[in-house]
There are 2 protein chains.
Amino acid sequence: MFTHRAKYAIKALVHLARRVGQGPVHAQTIADDEQIPERFLELILVQLRIGGLVRSRAGRGGGHFLEGSPEDISLLSVIRAIDEQIDPLPCLSTTAYVRCRDCDDEATCTTRHLFIKIQEQQSALLSHVTLASVMPKPRMAATPAASPKLRTPTHPVLVNANSQHSPTT
Amino acid sequence: MFTHRAKYAIKALVHLARRVGQGPVHAQTIADDEQIPERFLELILVQLRIGGLVRSRAGRGGGHFLEGSPEDISLLSVIRAIDEQIDPLPCLSTTAYVRCRDCDDEATCTTRHLFIKIQEQQSALLSHVTLASVMPKPRMAATPAASPKLRTPTHPVLVNANSQHSPTT
DNA sequence: CTAAATCATATCATTTATATAGGAATAAAA
DNA sequence: TTTTATTCCTATATAAATGATATGATTTAG
């Protein structure tokens with residue numbers, strides 16, 4: 001499960017991505033449009049700023065805007081900025097390392113090895129999804145009214161791994 | 001982050017997998033060997049039994065043993081049995097569906113579409129890792145003392161996606 | 001019948017997630 | 001320089017999830 005924070009962060013970033021080059025956007029505006037509690041969103045925006053994903057300008061006429069371009073902002077970087085702990089086990093975090101008390105020897109810990117692999121895979125997954133990859137490309141208006149759903153992506157995009165919208169929960 | 005429950009469950013299952021065909025194993029034994037709080041482990045074993053991953057026998061000489069073979073037990077099924085909610089958003093759960101209050105139209109919700117993709121990928125990932133894939137194959141004793149670390153797997157195993165043990169947390 | 005084990009249920013403690021609140025700092029405009 | 005609009009910072013409140021413990025009932029081999 002992703003947290004609400006992460007979801008809100010992504011919504012806010014997509015919001016900003018859609019307004020690149022239009023100057024800073026008020027937190028209030030984002031909150032209203034995306035239906036996010038305003039005060040809570042402010043905290044999230046601060047995290048995103050610290051994480052280097054957005055820049056902010058205080059004072060009248062201020063607001064928030066993307067630091068980089070949508071192609072360069074991956075889900076992984078968002079999650080990193082928002083959720084402190086993204087590692088599958090505390091013993092796998094470089095910044096918040098805590099040894100498992102049920103582990104005698106990390107070097108031979110089967111579980112640890114397993115989760116390292118999982119982590120690598122999941123990171124790879126999230127790093128390949130960018131803000132740009134979730135936005136419809138608004139380039140050149142007219143192709144003969146074909147369904148816009150399957151536009152060929154110009155940026156890395158999720159592959160459709162045998163997709164059957166797999167059973168949940 | 002995976003929960004402790006999930007980690008304990010996996011450790012217990014690997015423990016059982018190593019003892020396939022040797023009759024039921026006491027919860028107490030698993031708890032001691034794997035350094036898991038015993039009472040807590042019992043609860044987890046019950047969940048695993050309900051989830052169909054282990055079978056249990058009460059009474060003297062009882063214990064727990066794998067229901068299927070290690071090749072058939074995927075991490076996905078473990079997580080499903082242990083953590084109730086594995087979906088990235090509550091609006092994506094079939095069994096615990098809750099509409100997001102910050103969403104007017106699920107059909108056009110960009111975030112939802114995004115997370116559906118993520119979910120598919122992550123499920124695919126977890127479903128390809130089985131108990132068997134985390135255990136060293138003890139088959140036929142003698143190959144000329146080569147490092148056993150890179151034995152060619154006979155069961156689905158994680159690919160090594162450009163692995164650089166990616167930066168964490 | 002008894003001992004060894006699981007099974008069921010309740011409770012408690014801790015941590016994490018989700019906010020909310022008050023006001024300080026910043027910066028533009030009047 | 002004052003006003004006003006905005007972000008920024010810190011603290012607190014509330015609720016939910018997680019992790020763990022406790023008590024006792026139930027099952028079953030011997």
Side-chain angles (χ1 to χ4, degrees), chain A residues 1-9 11-12 16 23-32 34-51 54-65 67 79 82-90 93 96 98 100-102 169, chain B residues 1-9 11-12 16 23-32 34-51 54-65 67 79 82-90 93 96 98 100-102 169:
Chain A
M1 276 283 276
F2 287 57
T3 60
H4 278 194
R5 284 179 114 86
K7 182 180 72 171
Y8 291 159
K11 290 180 75 173
L16 292 180
V25 183
H26 305 160
Q28 184 69 62
T29 306
I30 303 175
D32 289 347
E34 307 293 343
Q35 310 197 44
I36 302 169
E38 200 252 331
R39 295 298 227 164
F40 194 34
L41 174 62
E42 282 187 16
L43 299 183
I44 292 167
L45 286 167
V46 169
Q47 286 187 282
L48 292 177
R49 184 176 49 78
I50 293 171
V54 306
R55 217 181 308 182
S56 308
R57 230 171 54 201
R60 185 171 198 153
H64 306 268
F65 51 100
E67 171 74 45
I79 302 299
I82 291 302
D83 298 330
E84 321 235 301
Q85 178 70 26
I86 66 166
D87 310 282
L89 294 178
S93 174
V98 174
C100 295
R101 64 169 177 67
D102 59 322
T169 312
Chain B
M1 277 282 276
F2 287 56
T3 59
H4 279 195
R5 284 180 115 88
K7 183 180 69 171
Y8 291 158
K11 289 180 76 171
L16 292 180
V25 183
H26 304 161
Q28 184 69 62
T29 305
I30 304 175
D32 289 348
E34 306 293 343
Q35 311 197 44
I36 302 169
E38 199 253 330
R39 296 301 223 164
F40 195 35
L41 175 62
E42 281 188 16
L43 299 184
I44 292 168
L45 285 167
V46 169
Q47 286 187 281
L48 292 177
R49 184 176 48 78
I50 293 171
V54 306
R55 218 182 307 184
S56 309
R57 231 172 52 201
R60 185 171 199 151
H64 306 268
F65 50 100
E67 171 74 46
I79 302 298
I82 291 302
D83 299 329
E84 321 236 299
Q85 179 69 27
I86 66 167
D87 310 283
L89 294 178
S93 172
V98 175
C100 295
R101 65 169 175 67
D102 59 323
T169 311

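Numbered from 1 within each chain, the chains take letters A, B, ... in sequence-line order.
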- Note on the structure: Taking C/dA4, C/dA19, C/dT9 as options, the one with an atom nearest any side-chain atom of B/Arg60 is C/dA4
- Task: Report yes if a side-chain nitrogen or oxygen of A/Arg39 is closer than 4.0 Å to either non-bridging phosphate oxygen (OP1 or OP2) of D/dT10; otherwise report no.
- Result: no
- Message: From CD of B/Glu42 over to C1' of D/dA25, roughly how many Å is that when rounded to an integer?
- Response: 13 Å
- Message: C/dA17, OP1 or OP2 - any side-chain N/O from A/His4 closer than 4.0 Å?
- Response: no
- Out of D/dA20, D/dT6, C/dA27, which nucleotide sits closest to the side chain of A/His26? D/dT6
- Task: Using a 4.0 Å heavy-atom cut-off across all strands, classify A/Leu45 as base, sugar-phosphate, or nothing.
- Result: nothing
- Message: Strictly below 4.0 Å: does A/Tyr8 bring a side-chain N or O up to OP1 or OP2 of C/dA19?
- Response: yes
- Message: Output the rounded distance in Å from CD1 (B/Ile30) to C1' (C/dA5).
- Response: 13 Å
- Using a 4.0 Å heavy-atom cut-off across all strands, classify B/Arg49 as base, sugar-phosphate, or nothing. sugar-phosphate
- Considering only side-chain heavy atoms of B/Leu43, which listed nucleotide, D/dT10, D/dT21, C/dT18, is closest? D/dT21
- For the side chain of A/Val46, counting heavy atoms from C-beta on, which of D/dT7, D/dC9, C/dC7 is nearest? D/dC9
- Query: Looking only at heavy atoms, which two atoms of A/Leu45 and A/Val54 are closest? And how far apart?
  - Reply: O-CG2, 3.9 Å
- Whole angstrom is fine here: how far is it from CZ in A/Arg55 over to C1' in D/dC8? 17 Å
- Message: So does A/Ala6 get a backbone contact from the side chain of A/Lys11, meaning a donor-acceptor N/O pair under 3.5 Å?
- Response: no
- Figure out the CZ/P separation between B/Arg57 and D/dA29, and round it to whole Å. 7 Å
- Message: Using whole Å, what does the distance between atom P of nucleotide C/dT18 and atom CD1 of A/Ile44 come to?
- Response: 9 Å
- Measure from CD on A/Gln35 to P on C/dA19 and round the result to the nearest Å. 13 Å
- Task: Please determine if a side-chain N or O atom of B/Ser56 lies less than 4.0 Å away from the OP1 or OP2 oxygen of C/dC7.
- Result: yes
- Note on the structure: Testing D/dC9, C/dA8, D/dT21 for proximity to the side chain of B/Phe40, the answer is D/dT21
- Item | Nearest to side-chain heavy atoms of A/Pro37, which nucleotide of C/dT20, C/dT18, D/dC8 | C/dT20
- Task: Please tell me which of B/Ala6 and A/Gly63 maps to the more 5' nucleotide of DNA chain D, matching each residue to the nucleotide holding its nearest heavy atom.
- Result: A/Gly63
- Roughly, in whole Å, what's the span from CD in B/Gln47 to P in C/dA8? 12 Å
- Task: Ignoring hydrogens and angles, tell me if any N or O in the side chain of B/Glu34 forms a donor-acceptor pair with the backbone of B/Ala12 under 3.5 Å.
- Result: no
